[in-house]
**Q** 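What follows is a structure written as structure tokens; I'll ask about it next.
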Amino acid sequence: MAQFQSLPGFREFYPDALARRNHIFRLWRQTANTYGFQEYDAPVLEPLELYKTKSGDEIEAQLFSFTDKGGREVALRPEMTPTVCRLVGEKANALKRPIKWFSIAEFYRYERMQKGRGRCFFQLNADIFGEAGVEAETELMALLIQCFASFGLTEEDFYVRLSDRNLWFFYLEALGLDEPRSRAVLSAVDRFEKLGEDAFKDYAEQFGAIDLELKAKVLAFLQIKSLPALESAVAAIPDEKLGARLADWRKLLGNLSAMGLGRFVEVDLGVVRGLAYYTGFVFEAFDRKGELRALAGGGRYDSLIGKLGYNDMPAVGFGVGDMTFALLLEQRGLTPAVAQSTDVYVVIGGGAERAVAFADIQSLRADGFRVEYPLKEVAFGKQFKAAGESGAKLALIYGGDELAKGVVKIRDLGARTEIEVPREQVASTVRDFFSGGAE
RNA sequence: GCGGCCUUAGCUCAGUUGGUUAGAGCAUUAGAUUGUGAUUCUAAGGGUCGCGGGUUCGAAUCCCGUAGGCCGCCCCA
């Protein structure tokens, strides 16, 4: 039986599964289009160096990487960001701003499988380049939320946590921390939700036990869950950068409320997105029940394009993986039955009738109807059964009796009624049925 | 990289203290039904019991190894 298995962590999409996947992609694509994003794609295989430059040498352990026949070190793409940065960086001078792009692509990571995570997966990636202000965050967060809401998910189902690495750096700077210490504190902040007090161990190893007063301030700051709380926390510290940053926060949250999306967004300074390349606002989407891993993540990464050797360009982006998202839809009963059904099933008497039926079948198909017929001669009873199971709305009956009279019998499979029409009126009758009956 | 549980038909699962030819439901195909569909009845196809080794007169069953799956830790771009 199992002569060959698929590789661990890889997925196969039988028609049902592919129909569900396509449904997700269709709505994502449609939503991105309504926001004025343009779709792009790029190679699955990239130079290994592209990812090392962005994420460091350690990344190789988590990549599908190998040496190709030309001696090049290559890797299957684990993410889209470096690639899209190259695309934008190469043609930066020729691209109209703002650059609003998206892609739906497959990615590969050499990882251990878990719920919502495999070695290959699809992601919707959307990015805005060339806009340094919070207008870019506004547009992207709105798109992210709409990409979920399009499926019928509501604020009861998911929410987006918003945080800000700049705000953290300015705050820690105002508290007198240098950059290495600030980074260590942020790393602790990132892990605090999971590890609790242990999150500060790494900091202690590098810089000695953390000052208790400082720690108290950090913990208080990371538990801020609203703009007013943030404002009052910052009000106590006279700092120009912090004040300016707060203005950005008001603007971004104000924009999202004006769009009617405020209910989806929560201030949560506990989110800092790991050691990532993010430089400003960061956000993550989660299911409300807290049962699944992150649904989406994104943020601003203004220095990455420069790091890859191009002129600096501001950038904000997010990615949504298909696996966790599909789990959420399933949990909420929003996975649609998307089986594509037949429009017309043609019942054919015998060999002679077949030739006549074929001509009409082909012309109906040319008109865009989905038409099926039995590949081999089978009994009428079977054919009607097959017609019912196919989901067809109409059955056309090409029997010897009808053709002798120059007519075709058309059966409305839903209403269980039949009419006979002259053969030359078959196409128009079918067309009328579907244009009149459908909407 | 580490840990827990699991693996018998396409799917969901039975399978007695180790004992003849490994079963059921669903699904598939065919027949009842050579001109009218979602019901019903009948039958068929489909398995080297994940793979390899060991114990035994005899292994789906016990032991060892290994692969794969699920879940969690680490990580999560």
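To find a chain, count down the sequence lines: A is the first, B the second, and so on, and within it residues start at 1.
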**Q** Please determine whether a side-chain nitrogen of the Lys or Arg among Glu193(A) and Arg161(A) lies less than 4.0 Å from a carboxylate oxygen of the Asp or Glu.
**A** yes
**Q** Measuring from the side chain of Tyr278(A) (C-beta onward, heavy atoms only), which nucleotide among A38(B), U36(B), A77(B) has the closest atom?
**A** A77(B)
**Q** Using a distance-only criterion (donor-acceptor N/O pair, under 3.5 Å, no hydrogens), is the base of U33(B) paired with the side chain of Lys382(A)?
**A** no
**Q** Tabulate atom names and distances for all N/O pairs under 3.5 angstrom spanning the protein and nucleotides 41-46 of chain B.
**A**
none

**Q** Over 60° means perpendicular and under 30° means parallel, so tell me whether Phe207(A) and Tyr203(A) are parallel, tilted or perpendicular.
**A** tilted
**Q** With rounding to whole Å, what would you report as the distance between C5(B) and U42(B) at their P atoms?
**A** 44 Å
**Q** Could you check whether Phe384(A) and the base of G37(B) form a stacked pair, meaning centres closer than 5.5 Å and planes differing by less than 30°?
**A** no
**Q** Considering every strand and a 4.0 Å limit on heavy-atom distances, what is the contact class for Lys409(A): base, sugar-phosphate, or nothing?
**A** base
**Q** Is Lys405(A) salt-bridged to Glu420(A), cutoff N-O under 4.0 Å?
**A** yes
**Q** To the nearest Å, give me how far apart CG (Leu292(A)) and P (C71(B)) are.
**A** 11 Å
**Q** Does the A77(B) base have a donor-acceptor partner in the side chain of Arg77(A) within less than 3.5 Å?
**A** no
**Q** Going by atom type alone, with no hydrogens or angles, which donor-acceptor pairs under 3.5 Å involve a side-chain atom of residues 59-67 of chain A and a protein atom two or more places apart or on another chain?
**A**
unit_1   : atom_1 : unit_2   : atom_2 : d
Glu60(A) : OE1    : Lys52(A) : NZ     : 3.4
Thr67(A) : OG1    : Glu73(A) : OE2    : 2.9

**Q** Please state whether the rings of Tyr159(A) and Phe286(A) are parallel, tilted or perpendicular, taking 30° and 60° as the class boundaries.
**A** tilted
**Q** Could you measure between the two C1' atoms, the one in G31(B) and the one in G47(B), and give it in whole Å?
**A** 26 Å
**Q** What's the gap between U16(B) and G50(B) when it is taken at their P atoms, as a whole Å value?
**A** 15 Å
**Q** Does Glu418(A) make a side-chain donor-acceptor contact with the base of G35(B), cut-off 3.5 Å?
**A** no
**Q** Could you check how far CZ of Phe121(A) sits from C1' of C75(B), rounded to whole Å?
**A** 13 Å
**Q** Could you measure between the two P atoms, the one in C51(B) and the one in U8(B), and give it in whole Å?
**A** 10 Å
**Q** Tell me every residue that passes side chain to side chain donor-acceptor pair (under 3.5 Å) with Tyr373(A), counting only those two or more places apart in sequence or in another chain.
**A** none
**Q** What does Gly349(A) touch in the nucleic acid at a heavy-atom separation under 4.0 angstrom: a base, only the sugar-phosphate, or nothing?
**A** nothing
**Q** Go through Phe122(A) and Phe107(A) one step at a time and tell me if the ring-ring contact (aromatic ring centres under 6.0 Å, His included) criterion holds.
**A** CA-CA 6 Å; Phe122(A) 289 85; Phe107(A) 301 96; 8.3 Å; no
**Q** Regarding Gln62(A), tell me which of base, sugar-phosphate or nothing describes its non-hydrogen contacts under 4.0 Å with the strands shown.
**A** base
**Q** Within this structure, what is the CD-to-C1' distance between Glu420(A) and U36(B), rounded to whole angstrom?
**A** 13 Å
**Q** Is the Trp249(A) to Phe281(A) ring centre distance short of 6.0 Å?
**A** yes
**Q** For Lys194(A) and C73(B), what is the distance between atoms NZ and C1' respectively, to the nearest whole Å?
**A** 9 Å
**Q** Rounded to the nearest angstrom, tell me the gap between atom CG in Asp190(A) and atom C1' in C75(B).
**A** 12 Å
**Q** Write down the distance separating the P atoms in U48(B) and A22(B), rounded off to the nearest Å.
**A** 12 Å
**Q** For C75(B), does the base pair up with any side-chain atom of Arg117(A) as donor and acceptor (N or O, under 3.5 Å, distance only)?
**A** yes
**Q** Take atom C1' in G15(B) and the same atom in G4(B), then report the distance between them in whole Å.
**A** 26 Å
**Q** Nearest heavy-atom pair of Lys54(A) and Leu304(A): which atoms, and what distance?
**A** CG-CD1, 3.6 Å
**Q** Does a side-chain N or O from Arg191(A) land closer than 4.0 Å to OP1 or OP2 of C75(B), or not?
**A** yes
**Q** Taking for each residue the nucleotide of RNA chain B with the nearest heavy atom, is it Ala392(A) or Glu291(A) whose nucleotide lies nearer the 5' end?
**A** Ala392(A)
**Q** For nucleotides A9(B) and U61(B), find the distance between their P atoms and express it as a whole number of Å.
**A** 15 Å
**Q** Under a 3.5 Å cutoff on both atom distances, Watson-Crick or G-U, what's the dot-bracket for RNA chain B ([ ] crossing, | other strand)?
**A** (((((((..((((.....[...)))).(((((.......))))).....(((((..]....))))))))))))....
**Q** Would you call Arg332(A) and Asp157(A) a salt bridge, taking side-chain N to carboxylate O under 4.0 Å as the test?
**A** yes
**Q** Between Glu137(A) and Val134(A), is any pair of side-chain heavy atoms under 4.5 Å apart?
**A** yes
**Q** Starting from the 5' end of RNA chain B, give me the residue, Arg293(A) or Glu402(A), whose nearest nucleotide shows up first.
**A** Glu402(A)
**Q** Taking all atoms of both residues into account, what is the closest heavy-atom pair of Arg423(A) and Asp360(A), and its distance?
**A** NH2-OD1, 2.9 Å
**Q** For RNA chain B, which residues of residues 370-377 of chain A approach it to below 4.0 angstrom with any heavy atom?
**A** none
**Q** Taking only nitrogen or oxygen atoms into account, show me every contact under 3.5 Å that the protein makes with nucleotides 68-70 of chain B, one pair per line with its distance.
**A**
unit_1 : atom_1 : unit_2  : atom_2 : d
G69(B) : OP1    : Gly9(A) : N      : 3.3

**Q** Can you see which heavy atom on Ser182(A) is nearest to which on Leu172(A), and at what distance?
**A** OG-CB, 3.5 Å
**Q** P atom, G53(B) versus A60(B): distance in rounded Å?
**A** 14 Å
**Q** Could you check which of G35(B), A77(B), C76(B) has an atom nearest any side-chain atom of Asp401(A)?
**A** G35(B)
**Q** Taking 4.0 angstrom as the limit, do Glu197(A) and Lys215(A) come out as a salt bridge?
**A** yes
**Q** So, are Arg86(A) and Glu90(A) salt-bridged, with charged N and O less than 4.0 Å apart?
**A** no
**Q** Checking the side chain of Arg300(A) only, and the main-chain atoms of Gly133(A) only, is there a donor and an acceptor separated by less than 3.5 Å?
**A** yes
